[in-house]
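Since the structure comes first, as structure tokens, the remarks are kept for the end.
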Amino acid sequence: ASERKTYIVHMAKSKMPASFDDHTYWYHSSLESVSDSAEMLYTYNNVVHGFSTRLTAEEAQSLENQPGILSVLPELKYELH
Amino acid sequence: TTRTPEFLGLEKSADLFPESGSVSEVIIGVLDTGIWPESKSFDDTGLGPVPSSWKGQCEEGTNFTSSTCNRKLIGARYFSKGYEATLGPIDESKESKSARDDDGHGTHTATTAGGSVVTGASLFGYASGTARGMATRARIAAYKVCWVGGCFSSDILAAMDKAIDDNVNVLSLSLGGGMSDYYRDSVAIGAFAAMEKGILVSCSAGNAGPSQYSLSNVAPWITTVGAGTLDRDFPAYVSLGNGLNYSGVSLYRGDSLSSKMLPFVFAGNASNVTNGNLCMMGTLIPEKVSGKIVLCDRGVNARVQKGAVVKAAGGAGMVLANTAANGEELVADAHLLPATTVGQKSGDLIKSYIFSDPNPTATILFEGTKVGIEPSPVVAAFSSRGPNSITPEILKPDVIAPGVNIIAGWSGSVGPTGLAIDTRRVGFNIISGTSMSCPHVSGLAALLKAAHPEWSPAAIRSALMTTANTACKNGQMIEDIATGKPSTPFDHGSGHVDPVSALNPGLVYDLNISDYLNFLCALNYTASQISSLARSNFTCDSSKKYSVTDLNYPSFAVSFQMGGGTGGTTVVKHTRTLTNVGSAATYKVSLHSQSESFKISVEPDSLTFTELNEKKSYAVTFTAGSMPSNTNSFGRIEWSDGKHIVRSPVAISWT
């Protein structure tokens with residue numbers, strides 16, 4: 001249960017509280033609300049409104065229930081063709 | 001690549017293609033294993049300044065400086081945070097923490113799409129000629145997302161995100177990851193954003209053929225590319241002690257067997273393990289193979305590794321026999337010892353000889369490169385096949401392109417087999433896969449983008465699809481090498497790309513963002529799923545009836561859910577809109593169906609266009625009776641003004 005995996009977190013940018021000036025602060029705040037130690041790997045601007053991070057399953061589930069979170073999807077591995 | 005430019009008609013029709021200046025404004029982004037910048041294919045002689053639209057960078061890293069790029073290779077970035085988060089820090093003694101390609105695959109795909117002209121290219125003399133990418137004047141930007149341990153979706157998304165910022169025009173991804181819903185699939189998500197910005201995304205269909213439902217990258221905003229052969233072969237015959245010869249293929253270069261007949265042994269009889277026939281590492285008994293030619297069965301481990309295993313055990317040569325999984329498809333390899341690959345039928349006959357003769361002998365005769373092979377193209381057995389498992393109503397793959405035995409640029413840090421023990425270094429390598437066909441289409445899309453900068457990604461894809469060939473050079477229908485029978489739209493999509501015809505398709509099936517959003521509504525995606533995929537607050541209109549069959553796709557897939565039912569007929573309607581990209585003309589429809597099991601009707605049957613970009617719609621009705629489930633049937637819809645043929649394949653399935 002404590003094992004961390006990479007997740008891609010999709011945020012509803014339109015639901016960003018007015019108290020945030022910048023969406024990246026909102027992303028960080030959302031992440032910090034479920035984990036003291038998780039760090040962002042990437043924040044995405046064009047392809048996704050959101051970020052990728054390492055979370056435990058419990059943290060991922062908790063994050064999914066936060067306001068403004070669309071989905072918390074586990075990372076997938078792709079292969080060359 | 002050599003030969004494929006001629007095979008696709010690019011050389012003969014060079015004057016039809018856009019001026020070099022406009023092509024040099026097009027930037028192809030390649031997400032792959034990185035790049036080998038020293039490849040001659042990235043020579044920037046004669047190229048002007050980097051396009052002013054370019055916002056990318058040449059990122060520094062292991063053995064890669066900001067000055068490594070030039071006017072050809074204009075960008076190089078790497079994305080490893082997701083990879084390292086899962087598998088730990090990159091071991092820089094094994095792979096470069098930079099865009100440098102330690103694998104070869106990324107250099108191969110990038111040079112295929114947009115490599116400069118290189119004279120005197122070959123692999124050990126095989127496939128010799130002048131190598132060039134499809135769009136020789138296009139610029140290349142490399143985004144390294146694949147590492148020794150794989151390609152991770154967080155890195156792929158980051159690379160696509162950056163490529164969009166950088167202002168690429170075409171994205172080429174020769175990778176895939178199974179079959180997820182579009183809102184869970186990072187490639188589909190990234191491709192949606194790219195499409196919104198007018199970037200054409202070309203992806204490989206996958207190498208899981210010939211099984212049905214084996215496609216990757218099937219989102220309708222992606223151009224999905226399967227693989228076919230070209231008219232070139234590398235014959236290497238097995239000559240048996242009984243006087244019979246069997247044809248195979250090989251890229252071996254080195255000391256030959258001098259036509260000397262050597263003892264011949266089946267690997268399964270030279271091993272103590274049950275799967276000894278596969279020539280896995282450490283499974284051959286040296287005393288039983290030393291000085292002999294060994295017959296190994298294909299499967300499980302890499303083909304070239306089997307050769308290395310035979311060599312390590314003291315074998316003098318290898319015959320690699322296809323099994324049912326590969327049939328008669330012959331993929332050539334640069335083996336480390338004299339070796340050839342034979343089809344399943346030949347393999348079975350050779351095994352019969354080994355088992356029946358008390359002292360079997362053989363030799364291998366290498367014949368070099370042969371061109372003009374017919375029939376060609378044929379669909380590669382490995383090329384993934386439809387139906388589309390995510391949305392059966394969207395026919396995939398879209399097209400096929402050359403993907404078997406393709407020569408292109410290679411990394412200087414790895415041998416042509418990719419094996420650690422292969423110390424040979426080559427500037428060009430010959431490999432196979434839908435990875436190789438995808439960048440052909442990426443490069444062709446770059447040419448079309450240069451010729452028609454106003455065309456959307458959907459219009460470019462439509463031009464490639466509706467002009468694709470379903471017949472070989474000899475006039476016969478394209479075959480599926482897996483069956484030896486004519487291939488179907490589930491194998492070849494709209495057909496084999498014909499870039500010369502695609503320059504002037506007459507009409508196109510265009511699509512914009514709202515068309516795709518309506519498509520997502522038709523899939524009953526929730527608002528949250530749509531927002532995850534498309535980053536918009538788009539809400540499906542509950543009063544509107546959405547239908548997947550209304551997506552203005554250049555092909556038709558119709559799924560009748562009446563398997564095993566009795567009596568009655570079912571009707572499915574599709575609507576399409578054609579946009580005139582040629583001169584004023586009247587197009588008339590012609591309908592073709594392979595069987596009496598279904599009927600096609602089109603209303604109206606004639607469309608008159610008087611202006612450029614004029615749009616006209618038509619409705620198609622597919623009517624079918626009851627058929628057993630898993631039955632497929634095929635047809636096509638063609639619009640022609642006498643000069644152009646705008647062809648759409650039709651695939652009907654009963655489930």
Side-chain angles (χ1 to χ4, degrees), chain A residues 2-18 22-24 26-28 30-31 34-35 37-57 59-61 63-81, chain B residues 32-33 79 81-82 84-86 103 105-106 145-146 149-158 160-165 173-178 180 183-187 189-194 196-197 203-207 216 227 384 433-438 528-529 531-533 535 537:
Chain A
S2 61
E3 189 189 347
R4 286 181 187 273
K5 290 181 181 171
T6 302
Y7 292 87
I8 294 162
V9 182
H10 295 248
M11 309 278 287
K13 207 170 172 182
S14 61
K15 302 230 171 107
M16 183 172 82
D22 186 303
H23 62 278
T24 54
W26 178 45
Y27 296 170
H28 277 287
S30 300
L31 181 58
V34 299
S35 172
S37 56
E39 292 181 6
M40 283 188 191
L41 299 173
Y42 299 103
T43 55
Y44 305 107
N45 296 312
N46 298 304
V47 291
V48 168
H49 291 151
F51 57 92
S52 48
T53 186
R54 302 276 292 171
L55 299 169
T56 65
E59 289 167 343
Q61 197 171 13
L63 184 60
E64 204 157 22
N65 295 327
Q66 298 289 315
I69 304 289
L70 289 169
S71 58
V72 180
L73 300 175
E75 171 152 84
L76 296 173
K77 198 169 156 187
Y78 288 67
E79 59 180 27
L80 294 165
H81 282 157
Chain B
D32 211 298
T33 61
F79 300 84
K81 288 180 186 171
E84 291 189 285
T86 300
D103 178 280
H105 190 279
V145 295
C146 293
C151 327
F152 288 78
S153 58
S154 59
D155 293 329
I156 292 169
L157 267 180
M160 296 180 92
D161 201 79
K162 199 51 108 174
I164 292 169
D165 271 340
L173 286 84
S174 289
L175 49 84
S180 307
Y183 65 88
R184 291 179 178 276
D185 177 352
S186 291
V187 169
I189 292 168
F192 195 98
E196 280 187 291
K197 303 276 185 181
C203 291
S204 47
N207 301 336
S216 302
S384 288
T434 53
S435 274
M436 283 65 246
S437 56
C438 165
S528 171
Q529 288 165 343
S531 191
S532 284
L533 176 58
R535 308 161 324 287
N537 288 326

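Within every chain, numbering begins at 1; the chains are lettered A, B, ... in the order of the sequence lines, protein sequences first and strands thereafter.
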Interchain contact, [X] with chain A, by part (heavy-atom threshold 4.5 Å):
X         : answer
Asp161(B) : both
Val187(B) : both
Leu173(B) : neither
Ser180(B) : side chain

| request: Applying ring-ring contact (aromatic ring centres under 6.0 Å, His included), name anything that partners Tyr183(B), two or more places apart in sequence or on another chain. | output: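 So Tyr183(B) forms a ring-ring contact (aromatic ring centres under 6.0 Å, His included) with Tyr525(B).
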| said: Please enumerate all residues that pass side chain to side chain donor-acceptor pair (under 3.5 Å) together with Asp22(A), with sequence neighbours excluded. | reply: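 Thr24(A).
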Could you check whether any side-chain heavy atom of [X] comes within less than 4.5 Å of a side-chain heavy atom of [Y], counting everything from C-beta outward?
X        : Y         : value
His81(A) : Ser216(B) : yes
Thr86(B) : Arg54(A)  : yes
Tyr78(A) : Ser186(B) : yes

Return the [atom1] to [atom2] distance between [X] and [Y], rounded to the nearest 0.5 Å.
X         : Y         : atom1 : atom2 : result
His10(A)  : Arg184(B) : NE2   : CZ    : 9.5 Å
Asn45(A)  : Arg535(B) : CG    : CZ    : 11.0 Å
Asp185(B) : Leu76(A)  : CG    : CG    : 7.5 Å
Ser531(B) : Leu70(A)  : OG    : CG    : 4.5 Å
Met160(B) : Asn46(A)  : CE    : CG    : 11.0 Å
Cys151(B) : Leu80(A)  : SG    : CG    : 4.5 Å

| message | For chain B, which candidate among Thr43(A), Leu73(A), Val47(A), Ile8(A) shows the most heavy-atom pairs at distances under 4.5 Å? | response |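 Ranked by heavy-atom pairs under 4.5 Å with chain B, first place is Val47(A).
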Quick one: which of [options] has the most heavy-atom pairs under 4.5 Å with chain A, could you say?
options                                    : result
Ser174(B), Gly176(B), Gly82(B)             : Gly176(B)
Ser154(B), Gly149(B), Ala85(B), Ser435(B)  : Ser154(B)
Ala193(B), Gly106(B), Ala227(B)            : Ala193(B)
Gly206(B), Ser437(B), Gly150(B), Cys438(B) : Gly206(B)
Asp103(B), Leu533(B), Thr434(B), Val145(B) : Thr434(B)
Gly433(B), Ala158(B), Cys203(B), Gly190(B) : Ala158(B)

| field | Portion of Lys77(A) that has a non-hydrogen atom of chain B nearer than 4.5 angstrom | value |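 Lys77(A) touches chain B through backbone and side-chain heavy atoms alike.
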| Checking Tyr42(A) side chain against Lys81(B) main chain: does a donor-acceptor pair fall under 3.5 Å? |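 Indeed, once roles are kept as given, a pair shorter than 3.5 Å links the two residues.
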| Any luck finding a side-chain donor-acceptor pair between Ser532(B) and Ser71(A) under 3.5 Å? |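 Side-chain D/A pair, Ser532(B) to Ser71(A): present.
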